[in-house]
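These numbers come from a predicted model, not from an experiment. For ligands, and for the atoms within them, numbers begin at 1 and follow the listed sequence. As a basis for the values below, the full set of heavy atoms in this structure was taken, side chains included, without hydrogen atoms, waters or symmetry mates.
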Amino acid sequence: MDFLRPTTWDEALAAKADRPDAVPIQGGTDVMVEINMDVRRPAALLDLNQVAELREWAMVGGMCRVGAAVPYARIIEELAGPLPGLAQAARTVGSPQIRNRGSVGGNLGAASPAGDSHPPLLAAGAVVEAESRERGVRMIPADEFYLGVKRSALEPDELIRAVHVRPATGPQYFSKVGTRNAMVIAVCSFAIALHPGERRVGTGIGSAAPTPRRALEAEELLARELDWTAPLDPALTRRFGELCAAAAAPIDDVRGKAAYRVHAIGVMARRTLAWAWNDHLGKRAA
Ligand SMILES: Cc1cc2nc3c(=O)[nH]c(=O)nc-3n(C[C@H](O)[C@H](O)[C@H](O)COP(=O)(O)OP(=O)(O)OC[C@H]3O[C@@H](n4cnc5c(N)ncnc54)[C@H](O)[C@@H]3O)c2cc1C
């Protein structure tokens, strides 16, 4: 197995262009498990750990640009203010060791339907910055990034450089059902982001369809019928839960039954909407 170790972003893009079969490795918390378990044996590994800029985040044009390698631990410590939904999801990932190594870039690269960063990225309307040596930068909205089970819109010669997320303008919540409280892959998960300025609510469903996805009809319902100054209408909340559940298309597997997942998505949708709405009204009253 060849081991490629670029030290700059340009070198990394060149290496990926010359060796599209090289598997990028960042924290290695997915890649090394796959290699150790003999799930794959790549001809080459492209180690991105020497490319320092991938570990940085910055505010760029009103968006928070989070380098692909920023680990969950730093998202929790440094970005819980502007990106509360992503930080909440990051707190539920693995263990401290996994949160120190694992990154949002790696979660995106793996594109597992169960990845915890996907629902909050979808709810917040995040955009993935991908780049190749030949075609330059490509900005991919999160809801166009996930194409199938562990399949993304990334081309073989592209690398993820960063993800752009607008700092929260309203409450955000992430909820995850697992078979225990820690070190658990989601049975299913749900994220919500209120965008009061746009009178819009964003959603993200995890581990309940072949890809992470938004509950579009549920979002449209709230955009149409939510009164942003009043307490939540229980009938509207119920309908929101039903439409979120209807947006899921899960399977039975070792972690849970499809029917349970559909039910749980509805419950999490109602709960997270209520939590977010309480915060929203509390802020208005303050
Ligand atoms: C014990 C354990 C517990 C876990 N718990 C959770 C959990 O609770 N929730 C969860 O979501 N995940 C969990 N994971 C999975 C894993 O930690 C996450 O998916 C993590 O985000 C992967 O990040 P990484 O930097 O380690 O990625 P890596 O393993 O380095 O890479 C993952 C994938 O992304 C690709 N990749 C990496 N960087 C780039 C890049 N810049 N451009 C293009 N492709 C790239 C790689 O080629 C690979 O396909 C767990 C893993 C372990 C071992």
Side-chain angles (χ1 to χ4, degrees), residues 4 6 9 11-13 15-17 19-37 39-56 66-76 86 88-121 128-133 137-138 140 145-146 149-163 174-189 191 204 206-207 212 255:
L4 313 173
W9 180 244
E11 281 176 21
L13 290 180
K16 193 71 173 115
R19 291 290 304 268
D21 62 337
V23 171
I25 178 166
Q26 193 62 70
T29 61
D30 277 318
V31 172
M32 288 314 298
V33 173
E34 288 180 357
I35 291 175
N36 288 339
M37 306 291 284
V39 176
R40 67 169 156 184
R41 179 99 359 219
L45 278 178
L46 175 59
D47 176 16
L48 297 172
N49 279 280
Q50 302 299 307
V51 183
E53 71 154 78
L54 295 179
R55 291 194 301 275
E56 290 162 13
V66 184
V70 175
Y72 294 112
R74 282 186 51 214
I75 289 173
I76 295 164
L86 187 61
Q88 277 181 29
R91 284 188 200 104
T92 77
V93 172
S95 60
Q97 295 90 334
I98 297 296
R99 293 193 290 273
N100 280 334
R101 292 290 313 170
S103 61
V104 173
N107 215 220
L108 285 164
S112 159
D116 286 323
S117 30
H118 312 314
L121 292 179
V128 179
E129 180 182 339
E131 190 168 349
S132 65
R133 183 180 65 186
V137 173
R138 195 159 69 99
I140 311 170
F145 184 79
Y146 313 106
V149 178
K150 300 195 174 178
R151 218 159 45 74
S152 75
L154 220 55
E155 297 291 342
D157 64 342
E158 279 179 324
L159 291 171
I160 301 167
R161 188 170 193 172
V163 59
F174 173 76
S175 182
K176 170 173 168 180
V177 174
T179 48
R180 56 185 182 186
N181 278 340
M183 282 289 279
V184 68
I185 303 291
V187 172
C188 55
S189 62
S207 208
R255 292 200 303 280

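When all heavy atoms of Phe145 and Leu108 are compared, the closest pair comes out as CE2-O, 3.3 Å. Asn49 approaches Arg101 most closely through the heavy-atom pair OD1-NH2, 3.7 Å.
Looking at Asp21 and Pro42, their side chains never come closer than 4.5 Å, going by heavy atoms from C-beta outward. Between Val51 and Glu11, every side-chain heavy-atom pair lies at or beyond the 4.5 Å cut-off. In this structure the side chain of Leu86 reaches within 4.5 angstrom of the side chain of Leu121, judged on heavy atoms. Between Thr29 and Ser103, every side-chain heavy-atom pair lies at or beyond the 4.5 Å cut-off.
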For ligand 1, output the ligand-protein N/O contacts shorter than 3.5 angstrom; if there are none, return none.
residue  : atom   : partner : partner atom : Å
ligand 1 : 5 (N)  : Gly94   : N            : 3.4
ligand 1 : 8 (O)  : Gly94   : N            : 3.0
ligand 1 : 8 (O)  : Asp116  : OD2          : 3.3
ligand 1 : 8 (O)  : Lys176  : NZ           : 3.2
ligand 1 : 8 (O)  : Val184  : O            : 3.3
ligand 1 : 9 (N)  : Asp116  : OD2          : 2.7
ligand 1 : 11 (O) : Asn107  : ND2          : 3.2
ligand 1 : 11 (O) : Asp116  : N            : 2.8
ligand 1 : 17 (O) : Thr29   : OG1          : 2.6
ligand 1 : 19 (O) : Asp30   : OD2          : 2.6
ligand 1 : 19 (O) : Asn107  : ND2          : 2.9
ligand 1 : 21 (O) : Tyr72   : OH           : 2.6
ligand 1 : 21 (O) : Ser103  : O            : 2.7
ligand 1 : 21 (O) : Asn107  : N            : 3.3
ligand 1 : 21 (O) : Asn107  : ND2          : 3.4
ligand 1 : 23 (O) : Ser103  : N            : 3.1
ligand 1 : 23 (O) : Ser103  : O            : 3.4
ligand 1 : 25 (O) : Gly27   : N            : 2.8
ligand 1 : 25 (O) : Ser103  : N            : 3.2
ligand 1 : 25 (O) : Ser103  : OG           : 2.6
ligand 1 : 26 (O) : Gly28   : N            : 3.1
ligand 1 : 26 (O) : Thr29   : N            : 2.8
ligand 1 : 26 (O) : Thr29   : OG1          : 2.6
ligand 1 : 29 (O) : Gly28   : N            : 3.4
ligand 1 : 29 (O) : Thr29   : N            : 3.2
ligand 1 : 29 (O) : Asp30   : N            : 2.8
ligand 1 : 29 (O) : Val31   : N            : 2.9
ligand 1 : 30 (O) : Gln26   : N            : 2.6
ligand 1 : 30 (O) : Gly27   : N            : 3.2
ligand 1 : 30 (O) : Gly28   : N            : 2.8
ligand 1 : 34 (O) : Gly106  : O            : 3.2
ligand 1 : 34 (O) : Ala110  : N            : 3.4
ligand 1 : 41 (N) : Ile160  : O            : 2.9
ligand 1 : 42 (N) : Ile160  : N            : 2.8
ligand 1 : 47 (O) : Pro24   : O            : 2.6
ligand 1 : 49 (O) : Arg40   : NH2          : 3.2

